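The structure appears right after this line, and notes come after that.
Just so it is clear, the model here is predicted, and its values are computed rather than measured. To find a chain, count down the sequence lines: A is the first, B the second, and so on, and within it residues start at 1.
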Number of protein chains: 2
Amino acid sequence: MDREVILISYREKIKNFITFNDEEWYAFTGFLKIKKVKKNRCFVEYGKICRELGFIINGAVRFCNVINGQEITGYFSFENSFVTALKSYLAEEPCLYDIKTLEDTIFVTISKKNMEAMLKHPLLSCKMERFGRLISESFNILFEDRIKSFVIKTPEQRYLDLLKSGKDIVKRIPVQYIAQFIGITAVSLSRIRKRIMNSTLSTNRIHT
Amino acid sequence: MDREVILISYREKIKNFITFNDEEWYAFTGFLKIKKVKKNRCFVEYGKICRELGFIINGAVRFCNVINGQEITGYFSFENSFVTALKSYLAEEPCLYDIKTLEDTIFVTISKKNMEAMLKHPLLSCKMERFGRLISESFNILFEDRIKSFVIKTPEQRYLDLLKSGKDIVKRIPVQYIAQFIGITAVSLSRIRKRIMNSTLSTNRIHT
DNA sequence: CGAATTTCTTAACAAAAGATAAGAATAATA
DNA sequence: TATTATTCTTATCTTTTGTTAAGAAATTCG
């Protein structure tokens, strides 16, 4: 995919966040970069300051903590969503996890520097404030639900919710990562899955 | 406290998010309301759409889910922080929890309607986009840490982190609510506290 | 101050999750 | 296709948490 095609796709996909007239679009695209990252590589690396706000055109990433030498994946993002190491990006401090690609992934990125330039740019300033706000708010909505699920739900309920949601994460992500996403070990999730299967089976038997 | 005093305090406290010249301030304050809520009353009520962005001048609130007839508190906010039922406020959907005051609390609030008016107001528009963005981003930073703690830490570690942080929540909040905040029962936290105490004692003994 | 209420701790048992290791099922790739 | 490697499940045992109930400690309020 060449730059022009990717940017056209990007413009379409972010139109719920921001729209442009041609003049603005021309100015805006000058600040964008395309970044192609092969499978299992880092988009953001532990210990470094994340200076990019990304948007996934296609592909997927996982947010990956290393605890006692073992990887624990806390989150996923798929195509058509914004990705960044939020705290690191916002506070300009070293990132405490990796963001790694699960597949070959194409990003459109805005560097922090360019974002700040746009926030001062006469033509774009106000629009970019809004753009930033809407992106940030969309993260808030995701996060609020996720925190609530940890506070009021059991791991089993969280897994059932995931199944019900029918999200990409269920279809495309290895079970071990899903377990970590839920906050438990793979072994424990395996037991939960068995419990669910058994109770589903016995329920079906009653009804037939 | 009368309105003028409260607003002066507000202006000072939010200056990291937004600053005004006198003309802007005059316009801005026209959109603000003061809300005083007695202890143990709702600032936001389950099932209703939250249409206010609040800021706590003094007092404190808890975010309170009702599960099987039992209250579970998932979060707290204290003076000098913004409060709203985020998802409900942003998506204009019924709120799925209460926000209740822990003490008599004074809020400065911006109604959604007024916020939208300001976002169109020639003098304030761009500033308010930014204001909204910065508030939203500050929530994101809090949320990201909190989610990570659920994914990679045990309840015991989460409690120890809280102690280390020395936050108001440790000093001002009943233990049972802290347990819920951590995602466990009060009984379980009680055991954890005992474990910690014992290991602290034995450590001290070794060193003396 | 004293009674009543609420909050916190402890105990006992059940249920769930963590750790480790080994075997089955899948997927990758030579 | 056969081999290798990875991922998933199962088993066993330990640790932790949930549940319920009862008693201790602290608060509230008349």
In terms of ring plane angle, is the pair F143(B) and Y75(B) parallel, tilted or perpendicular, where the classes change at 30° and 60°? perpendicular
Heavy atoms from other residues, nucleotides or ligands near NZ of K167(B) exceed 12 (cutoff 6.0 Å)
no
Separation of dT27(D) atom C1' from N40(B) atom CG, nearest Å, is 14 Å
> Are R62(B) and Y177(B) in a cation-pi setup, meaning NZ or CZ lies under 6.0 angstrom from the ring centre and within 45 degrees of the ring axis?
Replying inline: yes
* To do: List the steps, then state whether salt bridge (Lys or Arg N to Asp or Glu O under 4.0 Å) holds for E103(A) with R172(A).
  => CA-CA 10 Å; E103(A) 312 162 2; R172(A) 288 162 63 181; 3.1 Å; yes
Exercise. Salt bridge check: are D168(A) and K171(A) linked by an N-O gap of less than 4.0 Å?
Worked result: yes
Flag, side chain of T29(B) to backbone of W25(B), donor-acceptor distance under 3.5 Å
yes
Any donor and acceptor pair, going by atom type alone, linking the side chain of K87(A) with main-chain N or O of L142(B) inside 3.5 Å? no
In E45(B), E92(B), E116(B), the residue satisfying salt bridge (Lys or Arg N to Asp or Glu O under 4.0 Å) with R51(B) is E92(B)
Whole-Å distance, F150(B) CZ to dA17(C) C1', equals 16 Å
Under a 4.0 Å heavy-atom criterion, the protein footprint on nucleotides 4-20 of chain D, written with B, S and -, is ---SSBBBB----BBBB
Just the atom pairs and distances: protein N or O near nucleotides 27-30 of chain C's N or O, under 3.5 Å.
none

